[in-house]
There are 2 protein chains.
Amino acid sequence: MITELNSKQVEKISKALGDPYRLQIMDMISKRKDFMQCCEVSECFNLAQSTMSHHLKQLVEAELLVAEKEGRNLRFTINREICEAYSRYIARLGF
Amino acid sequence: MITELNSKQVEKISKALGDPYRLQIMDMISKRKDFMQCCEVSECFNLAQSTMSHHLKQLVEAELLVAEKEGRNLRFTINREICEAYSRYIARLGF
DNA sequence: TTTAAATATCTAAATATTTCGATGTTTTGA
DNA sequence: TCAAAACATCGAAATATTTAGATATTTAAA
């Protein structure tokens with residue numbers, strides 16, 4: 001089934017991507033074959049743990065990332081479905 | 001020639017699209033065959049003229065829109081090149 | 001040339017976002 | 001059980017964005 005985003009979702013996704021740290025996080029995780037651990041992501045940035053948590057939450061809430069608990073760890077994967085849907089929405093703007 | 005966006009550009013474009021008014025503006029203009037006049041865009045929103053000017057400026061600065069002066073009017077067109085480049089960047093995240 | 005229309009810019013207030021430190025929760029391992 | 005690791009949440013300060021009103025600029029039309 002093909003996901004169609006409404007404008008509220010597109011706004012939220014855009015906002016999530018409109019920050020240099022969050023964009024870098026997406027880039028990093030997208031380069032992985034599978035997932036990336038939360039603490040591993042955090043190590044790449046010189047930000048407080050609570051700040052990283054906040055950024056990651058926004059990406060998850062925008063559904064760009066999927067978070068899975070694995071014991072006391074958290075694994076993030078790219079939500080391909082949403083990325084593709086967002087990409088299609090944008091492509092249609094420039095039709 | 002295929003435009004490749006750097007991450008600063010992607011950030012700026014994302015930020016520009018992360019607002020409900022600006023997203024609506026993009027949607028409206030993208031539905032046109034050709035261009036849309038600035039004052040025509042403004043009429044669709046219940047915002048002060050200076051506020052509209054500000055929003056449109058951000059879309060132009062993100063290069064999502066191209067502005068052309070036509071006498072004392074302003075014509076906006078979608079920058080297809082940039083929309084496609086941004087769309088491709090996003091698509092690659094979800095690879 | 002004077003006036004009015006279309007747009008831009010400046011300033012300031014209101015609001016939202018970012019960031020951190022402190023603290024809370026959950027889970028693992030000693 | 002107890003301590004530590006991984007993560008979340010809360011509160012507050014710093015910063016950025018949104019918005020409008022006032023004013024400036026440019027151009028067309030009377």
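Worth knowing before you read on, the calculation uses all heavy atoms, side chains too, and leaves out hydrogens, waters and symmetry mates. What you see is a predicted model; the values in this text were computed from it and never measured. Every chain is numbered from 1 and lettered A, B, ... according to where its sequence line falls, protein lines coming before strand lines.
- Remark: B:Ser53 is in phosphate contact with C:dA8, judged by side-chain N or O atoms under 4.0 Å from OP1 or OP2.
- Rounded to whole Å, atom C1' of D:dT17 lies 17 Å from atom CG of B:Leu23.
- OP1 or OP2 of D:dT18 has at least one side-chain nitrogen or oxygen of B:Gln58 nearer than 4.0 Å.
- A:Leu56 places its CG atom 13 Å from the P atom of C:dT18, with the value rounded to the nearest Å.
- Checked by atom type, the side-chain pair A:Ser87/B:Tyr89 shows no donor-acceptor distance below 3.5 Å.
- Dashed line: the shortest gap from a side-chain N or O of A:Lys69 to OP1 or OP2 of C:dT27 is not under 4.0 Å.
- Between B:His54 and the phosphate of C:dA8, there is no side-chain N or O to OP1/OP2 separation shorter than 4.0 Å.
- The distance from atom CD of A:Glu68 to atom C1' of D:dA6 is 17 Å, rounded to the nearest whole Å.
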Determine whether A:Glu40 and A:Arg75 satisfy the following criterion, salt bridge (charged side-chain N to carboxylate O under 4.0 Å, His left out), listing intermediate values before the conclusion. CA-CA 10 Å; A:Glu40 196 186 351; A:Arg75 292 172 163 190; over 6 Å; no
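- The base of C:dA6 lies outside donor-acceptor range of the side chain of B:Gln37, with no N or O pair under 3.5 Å.
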Begin from the C-alpha positions of A:Arg92 and A:Glu4 and carry the test salt bridge (charged side-chain N to carboxylate O under 4.0 Å, His left out) through to its verdict. CA-CA 12 Å; A:Arg92 271 200 294 273; A:Glu4 287 281 338; 3.4 Å; yes
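- By the criterion of side-chain heavy atoms lying less than 4.5 angstrom apart, applied directly or through intervening Ile, Leu, Val, Met, Phe, Trp or Tyr residues, A:Phe35 is not grouped with A:Met28; the two fall into different hydrophobic clusters.
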